[in-house]
Amino acid sequence: MVYCQPNDNIRPIIYFRIMSFISYIQLSAIKSLSQLYGQAFSENDFQLNETKPEFEGDYTIVLFVLVKALKKSPEVLGKELGEQILKDHPDFFSGYNVIKGFLNLTIDDQQLTSLLEENYTDENFGKKEPNHQKVMVEYSSPNTNKPLHLGHLRNNFLGWSVAEILKANGNEVIKTSIVNDRGIHICKSMIAWEMFAHGETPDLTNEKGDHFVGDYYVKFNDEYKKEVEELISEGKTKEVAEKEAPVMKKTQQMLLDWEQAKPEVRELWKLMNGWVYKGFDETYKRIGSDFDKTFYESNTYLLGKDFVKEGLEKNILFKKEDGSVWIDLSDKNLDEKLVLRSDGTSVYITQDIGLAQQKFEEYHLDKSIYVIGDEQLHHMKVLKEIIRKLGMPFADKIFHLSYGMVELTTGKMKSREGTVVDADDLIDEMVATAEKHTEELGKVNDFSKEELEELYEILGLGAMKFYLLRVDPKKRMIFNPEESIDFHGFTGPFVQYTYARIQSILRKIGSDEPVLNIDGIPAGKLLPLERQLIIMLEKYGNIILDAGEEMNPSIIANYVFNLAKLYNSFYAEHSVANAESSEKKKLRIAISVMTSGVIKSGLQLLGIKVPERM
RNA sequence: GGCCCCGUAGCUCAGUGGAUAGAGCAACAGCCUUCUAAGCUGUGGGUCGAACGUUCGAGUCGUUCCGGGGUCACCA
């Protein structure tokens, strides 16, 4: 985004607050081109890239397109433009070189140290001013008949992180969840509990409520399978057996009773959902998921019926002979879609229409984001289309942030086959791994028990969140237990380690020098790694922008990893505390402070905390 | 079958139409008397699924094909 024209009367340092290097260079090039060749240019007339490490320079203008337009050889054009840019912005650039069709520009060291000095203690570096946009992010949205599993974790981490990234881009964000607290699946657990529990409760068995209820869901399926097999052995067909199994009939009756608000059914329902919520809350608290507003399907499942009536009157919807109501989407390459059953009850999509409407009315949203798996791409497309056809104004403000399934190395997760990775178990395992590694290394033996436990949580969850967020959400991912448990390389703990390492340096230096108030970082020749770090730090603002536009936390994860990697190379090469001169020491302290700040900030956008020591 | 997504190193993944396609893991070889070795440095490993096409230039864009997945319920 371009905010203003570069002007030689304004010192470049001013731009640091309002404009990224890359924007500044782009405008500089446009201006110098116009001056040179007497015609107007735009950012589409050339390409601006980061210079590849094997060449000298920081940013590169690709000249080929210009070569064509201006009918000059790349060498001549590059030289003329390089000279002109340097002449126009002598403070900002210190040199250029032309190789083939590439004009490589080098930023002046003084600009880099100025940028560092301006920003190195700024906790909000890279984040944007409020843009007065209201965005709702719906995520998590669990069923209350079984505990959360690995797939839910990807959803939760993704939703939470995207919400944070959107906040960092200046949006006002409302996090919500729609709890799927009613329906046949809940009744299954309820029936099984009535049949087999003999009054047991999570308190009596000392079990987490969601797991407790989930166990009865499994028991239901076992019983159901048994009954179906019995009926088949009595000579019934599979279809008939599945319909007539007594336990299934009971469950369907219970659903009807629930809908008629039969008190004893509602009471049991409330009781068992209460157990589940208690279990969920524990998990949510542990993984850091939170919601500004929770919708319950039991409150929203009747919504949307008004629109059916209205749609019928406007002839947008039509009724079939059996009384069911449909919408024809064949003009959008979609089929006819049922919106009301023949018995007059609503289907999933009917409530979705109603809830969407409620969200926009209640919160005056500019955008509504749904974090839902990609198996519902079709459903969300249909929903959007129906809303558009019904003439609701917010159809284009609905965005489905779809993400791929998490699969295991052994294949897909299936709850009925017991091949799910339970969320709580996985977290425990990751935290235990963190404990194991930490004990082996023995660096924090002086920590109290409480401090150690906190550290294990930070590291275990950091590893897990990073593992699930480092891949493009759109792609389905394979969960490899051995790899996920690795704390080396492209992992959360690696990045956390870099942070802790910097804190260690600063603690040691801080005792005799003020670390956070360096007056005047001296100019001077920067070493390659010093330059690279400052240039990389400067990019953070654009990274936040990209991640926001794409709604993709993996952009942050990749950036923060590369930053940590670069710092570690720097660390191995140059000493901060024992720098060659006091000027270099000041500079490197500032680089270290800013690096740790950006790491902390970036990880925070992923929902990952940083330890001061590890 | 229609529509949608994916195919890059042994594995997991990066890669705004631009220079010799990059990381991590795994393998191998080095580096702890100096700021945390959960680290650093190096080596090996690729017909970017295939073929055409567009372009000065294609892993990236288009078409076709091959392979994998999803989806097309009076389920949620």
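Here is the naming used below: chain letters follow the sequence lines, and residue numbers restart at 1 for every chain.
- Using a 4.5 Å heavy-atom cutoff, the side chains of A/Phe318 and A/Glu336 are in contact.
- The listed nucleotides are B/rC40, B/rC35, B/rA19; the one nearest the side chain of A/Asn104 is B/rA19.
- Remark: P of B/rA19 and CZ of A/Phe46 are 18 Å apart, rounded to the nearest angstrom.
- Side chain of A/Asn145 to backbone of A/Lys188: no donor-acceptor contact under 3.5 angstrom is found.
- Between B/rU20 and B/rA58, the two P atoms lie 12 Å apart (nearest whole Å).
- Among the heavy atoms of the strands lying under 4.0 Å from A/Lys565 are primed sugar atoms or P, OP1, OP2 only; no base atom is included.
- Residue A/Ser592 is classed as having no contact, given no heavy-atom separation below 4.0 Å to the nucleic acid.
- Ring pair A/Phe490/A/Phe561 is tilted by interplanar angle, where 30° to 60° counts as tilted.
- Within 4.0 Å (heavy atoms only), A/Ile372 reaches no atom of the nucleic acid at all.
- B/rG44 sits 15 Å from B/rC25 when the C1' atoms are compared, rounded to a whole Å.
- Residue-level contact check: A/Gln351 touches neither bases nor backbone, having no heavy atom under 4.0 Å from any strand.
- At the heavy-atom level, A/Asn480 lies nowhere under 4.0 Å from the strands shown.
- Here A/Lys68 reaches the OP1 or OP2 of B/rC56: one of its side-chain N or O atoms lies under 4.0 Å away.
- Using a 4.0 Å heavy-atom cutoff across all strands shown, A/Asp343 reaches no nucleic acid atom at all.
- Using a 4.0 Å heavy-atom criterion, one finds that A/Asn333 contacts no nucleic acid atom at all.
- Taking 4.0 angstrom as the limit, A/Lys475 places none of its side-chain polar atoms (N or O) nearer than this to OP1 or OP2 of B/rC6.
- The aromatic rings of A/His149 and A/His152 are tilted relative to each other, their planes meeting at an angle between 30° and 60°.
- Salt-bridge annotation for A/Arg470 and A/Glu483: present, with a side-chain N of the basic residue lying under 4.0 Å from a carboxylate O of the acidic one.
- A/Met477 comes within 4.0 angstrom of the backbone, heavy atoms only, and of no base.
- Residue A/Phe490 and nucleotide B/rA23 are not classified as a stacked aromatic pair, given the requirement of ring centres less than 5.5 Å apart at an interplanar angle below 30°.
- One finds no side-chain N or O of A/His488 lying less than 4.0 angstrom from the OP1 or OP2 phosphate oxygen of B/rG24.
- Taking atom C1' in both B/rG18 and B/rG59, one finds a spacing of 13 Å when rounded to whole Å.
- Across the P atoms, B/rG70 and B/rA23 are found 34 Å apart, a figure rounded to whole Å.
- Picking from B/rA76, B/rU36, B/rA19 the nucleotide with the shortest atom distance to the side chain of A/Lys52 gives B/rA19.
- A heavy-atom distance below 4.5 Å is not found between the side chains of A/Phe46 and A/Leu103.
- Both A/Gln503 and A/Lys381 sit near RNA chain B, but only A/Lys381 has its closest nucleotide nearer the 5' end.
- A/Val339 comes within 4.0 angstrom of nothing in the nucleic acid, heavy atoms only.
- Listed pair A/Lys332 / B/rC3 fails the phosphate criterion, with no side-chain N or O lying under 4.0 Å from OP1 or OP2.
- Searching all strands for a Watson-Crick or G-U wobble partner of B/rC3 with both distances below 3.5 Å returns B/rG70.
- Side chain of A/Asn568, nearest nucleotide from B/rG39, B/rU36, B/rA14: B/rG39.
- If you measure from atom NZ of A/Lys585 to atom C1' of B/rC35, you get 10 Å, rounded to the nearest angstrom.
- Within 4.0 Å of A/Leu459, counting heavy atoms only, lies at least one base atom of the nucleic acid.
- Using N1 to N3 plus N6-O4 or O6-N4 for Watson-Crick, or N1-O2 and O6-N3 for G-U wobble, each under 3.5 Å, B/rC25 pairs with B/rG10.
- Between B/rA19, B/rC35, B/rU71, one nucleotide has an atom nearer to the side chain of A/Glu375 than all others, and that is B/rU71.
- Using a 4.0 Å heavy-atom criterion, one finds that A/Tyr571 contacts the bases of the nucleic acid, with or without backbone contacts as well.
- With distances taken from any side-chain atom of A/Asn558 to the nucleotides B/rG39, B/rA14, B/rU12, the minimum falls on B/rA14.
- Across all strands shown, A/Ala572 has heavy atoms under 4.0 Å from sugar-phosphate atoms exclusively, and none from any base.
- Heavy atoms of A/Ser575 sit under 4.0 angstrom from at least one base atom.
- Heavy-atom nearest nucleotides on RNA chain B were determined for A/Glu50 and for A/Tyr467, and the one closer to the 5' end corresponds to A/Tyr467.
- In this structure, A/Phe494 does not pack face-to-face on the six-membered ring of B/rG39, missing the 5.5 Å centre cutoff or the 30° plane limit.
- Of all nucleotides present, none satisfies the Watson-Crick or G-U wobble test against B/rG17 with each distance under 3.5 Å.
- Here B/rC52 is in the anti range [glycosidic angle more than 90° from 0].
- Put simply, A/Arg182 has no side-chain N or O that comes within less than 4.0 Å of OP1 or OP2 on B/rA76.
- B/rC65 is paired with B/rG49 under the criterion used here, namely a Watson-Crick or G-U wobble arrangement in which both key atom distances are under 3.5 Å.
- Nucleotides B/rG57 and B/rC66 are separated by 30 Å at their P atoms, to the nearest Å.
- Between A/Leu529 and A/Glu573, the closest heavy-atom pair is CD1-CB, 3.8 Å.
- The residue A/Val62 sits close to a base: some heavy atom pair falls under 4.0 Å.
- A salt bridge links A/Lys584 with A/Glu530: the distance from a Lys NZ or Arg NE/NH1/NH2 to an Asp or Glu carboxylate oxygen falls below 4.0 Å.
- Taking 3.5 Å as the limit, the base of B/rA73 and the side chain of A/Asp335 contain no donor-acceptor pair of atoms between them.
- Atom CD of A/Gln532 and atom P of B/rC40 are 14 Å apart (whole Å).
- Residue A/Arg501 places its side chain closer to B/rA37 than to any other of B/rA37, B/rU71, B/rC75.
- Comparing B/rG22 with B/rG46, their P atoms are spaced 14 Å from each other, to the whole Å.
- Pairing partner, B/rU55: none, since no Watson-Crick or wobble contact has both distances short of 3.5 Å.
- The A/Tyr497 side chain lies nearest to B/rA37 when the options are B/rC35, B/rA19, B/rA37.
- Two residues are said to be in side-chain contact when any heavy atoms from C-beta on lie closer than 4.5 Å; A/Met614 and A/Tyr456 fail this criterion.
- Regarding A/Glu482, its CD atom lies at a distance of 15 Å from the P atom of B/rC25, rounded to whole Å.
- In terms of modelled atom types and a separation under 3.5 Å, the side chain of A/Thr294 and the main chain of A/Ser177 share no donor-acceptor contact.
- Centre separation under 5.5 Å together with a plane angle under 30° holds for the ring of A/Phe64 and the six-membered base ring of B/rG18, marking them as stacked.
- For the pair A/Arg470 and B/rU12, the criterion of a side-chain N or O lying under 4.0 Å from OP1 or OP2 is not met.
- Within 3.5 Å, a donor on the side chain of A/Thr60 pairs with an acceptor on the base of B/rA19, or the reverse.
- Side-chain atoms of A/Gln47 and base atoms of B/rG18 include a donor and an acceptor less than 3.5 Å apart.
- Between B/rG7 and B/rU60, the distance separating the two P atoms is 11 Å to the nearest Å.
- The side chain of A/Ile478 approaches B/rC13 more closely than any other nucleotide in the set B/rC13, B/rC35, B/rA19.
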